[in-house]
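The structure appears right after this line, and notes come after that.
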Amino acid sequence: MGKVIELSWYQNNNVVDVAIGLLGKHLCTNINGKQVKGLIVETEAYSGVNDKACHANNQRKTKRNRIMFEPGGHAYIYLCYGIHHLFNVVTNVIGKADAVLIRAVEPLEGVEAMLDRRKMRKFEKQVTNGPGKFTQAFGITTQYYGTALDSKIIWIEESKSISENNIIAAARIGVGYAEEDALKPWRFYLKENKWVSRF
DNA sequence: TAGGTGATCTTG
DNA sequence: AAGATCACCTAT
């Protein structure tokens with residue numbers, strides 16, 4: 001068992017640093033009596049009010065994204081396309097609405113529970129290789145909106161760090177509406193890791 | 001490659 | 001009040 005990351009670690013004013021720092025760490029949930037763990041292999045940084053791809057762009061603050069304006073270390077979970085529950089880590093201090101989207105994990109523990117929730121028989125990469133897929137495998141839904149990430153429900157543990165040589169930076173996925181910000185290389189993933197959502 | 005899905009946001 | 005949009009997934 002790794003050490004649980006403290007909330008203060010997320011209260012960093014550089015969301016790109018946090019997005020890179022989360023790679024290789026262990027995301028854990030204990031939901032409906034099932035504990036699962038996965039290695040974070042893909043993240044994206046969303047940088048507050050000046051990032052056109054970010055839900056908080058242009059000071060937009062609504063019922064959906066209000067947690068982004070709270071201190072770092074809480075879960076921002078929202079329903080995407082009516083079906084998928086997407087999981088973000090809120091970062092930065094109160095009033096600075098940054099967040100990191102977790103896009104994919106490599107299963108480490110609780111594979112049975114993951115397959116069960118995904119209604120899959122075979123253990124293959126489709127279990128957790130996308131932002132809507134791994135949340136389903138982990139039991140994460142909007143019910144857990146705002147959960148502190150040092151809780152017993154959702155938490156992230158330290159693990160050995162990843163060297164920069166093994167990290168790829170690229171444009172974020174699915175943000176074509178964001179004009180020039182769509183090109184920012186704020187998607188990060190582990191090189192040659194088969195659990196990454198797409199290449 | 002196309003269609004499903006429903007909360008959220010915007011317009012009138 | 002109605003319509004458009006959307007940080008995606010699954011199956012053809």
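Quantities reported herein were computed from a predicted structural model and do not represent experimental measurements. Chain identifiers are assigned alphabetically (A, B, ...) following the order of the sequence lines, protein sequences preceding nucleic acid strands; residue numbering begins at 1 within each chain.
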#### Entry: More than 12 heavy atoms from other groups under 6.0 Å of CD on A/Glu6
no
### Message
Of the listed nucleotides (C/dA7, B/dC9, C/dC6), which one gets closest to any side-chain atom of A/Thr62?
### Response
B/dC9
#### Entry: N or O in side chain of A/Tyr177 less than 4.0 angstrom from C/dA7 OP1/OP2
yes
### Query
Within the structure shown, what part of the strands sits under 4.0 Å from A/Arg172 by heavy-atom distance: base, sugar-phosphate, or nothing?
nothing
### Message
Counting distance alone, no hydrogens or angles: does the base of C/dA7 have a donor or acceptor under 3.5 Å from a partner atom on the side chain of A/His84?
### Response
no
### Residue pair A/Glu157, A/Trp155: steps toward the side-chain hydrogen bond (donor to acceptor under 3.5 Å, both in side chains) verdict
CA-CA 7 Å; A/Glu157 296 178 356; A/Trp155 68 97; 3.0 Å; yes
### Message
Applying a 4.0 Å non-hydrogen cut-off, can you work out what A/Lys133 is touching in the nucleic acid: base, sugar-phosphate, or nothing?
### Response
sugar-phosphate
### Query
Which dot-bracket string fits DNA chain B when only Watson-Crick or G-U wobble pairs with both atom distances under 3.5 Å count, crossing pairs get [ ], and | stands for a partner on a different strand?
||||.||||||.
### Task
Please report, rounded to the nearest Å, how far the P atom of C/dT10 is from the NZ atom of A/Lys125.
13 Å
### Task
Round to the nearest Å and state the distance from A/Leu101 atom CG to C/dA7 atom P.
10 Å
### Query
Taking the nucleotide of DNA chain C with the closest heavy atom to each, which residue, A/Gly82 or A/Ser197, is nearer the 5' end?
A/Gly82
### Query
Contact class for A/Ile83 (heavy atom, under 4.0 Å): base, sugar-phosphate, or nothing?
base
### Query
Atom OH of A/Tyr81 and atom C1' of C/dC9: how far apart are they, to the nearest Å?
11 Å
#### Entry: A/Leu86 CG - C/dC6 C1' separation (whole Å)
11 Å
### Task
Name the nucleic acid region contacted by A/Arg118, choosing base, sugar-phosphate or nothing; use a 4.0 angstrom heavy-atom cut-off, strictly under.
sugar-phosphate
### Summary
Here the distance between atom C1' of C/dC6 and atom CZ of A/Arg64, to the nearest Å, is 8 Å
### Criterion side-chain contact (heavy atoms from CB on, under 4.5 Å) on A/Ile40 and A/Phe188, from CA distance to verdict
CA-CA 11 Å; A/Ile40 298 171; A/Phe188 304 97; over 6 Å; no
#### Entry: Neighbour count above 12 (heavy atom, 6.0 Å) for A/Glu180 CD
yes
### Query
Within less than 4.0 Å of OP1 or OP2 of B/dA7, is there a side-chain N or O belonging to A/Thr142?
no
### Query
In whole Å, what is the span from the CG atom of A/Leu79 to the P atom of C/dT5?
19 Å
### Task
Find the distance between NZ (A/Lys37) and CE (A/Met114) and round it off to the nearest 0.5 Å.
10.5 Å
### Query
Please give, in whole Å, the distance from C/dC6 C1' to A/Asn65 CG?
14 Å
### Query
Has A/Tyr78 got its ring stacked on B/dA7, by the test of a centre gap below 5.5 Å and a plane angle below 30°?
no
### Residues clustered with A/Leu101, ILVMFWY side-chain links under 4.5 angstrom
A/Tyr46, A/Ile67, A/Met68, A/Phe69, A/Tyr76, A/Tyr78, A/Leu86, A/Val90, A/Tyr145, A/Val175, A/Tyr177
#### Entry: Whole-Å gap separating C1' (C/dC9) and NE2 (A/His85)
13 Å
### Message
For A/Asn65 and A/Lys61: C-alpha separation, side-chain torsions, deciding distance, then whether side-chain hydrogen bond (donor to acceptor under 3.5 Å, both in side chains) applies.
### Response
CA-CA 6 Å; A/Asn65 74 349; A/Lys61 184 174 180 180; over 6 Å; no
### Query
Are any of the side-chain nitrogens in A/Asp116 or A/Arg121 under 4.0 Å away from the carboxylate oxygens of its partner?
no
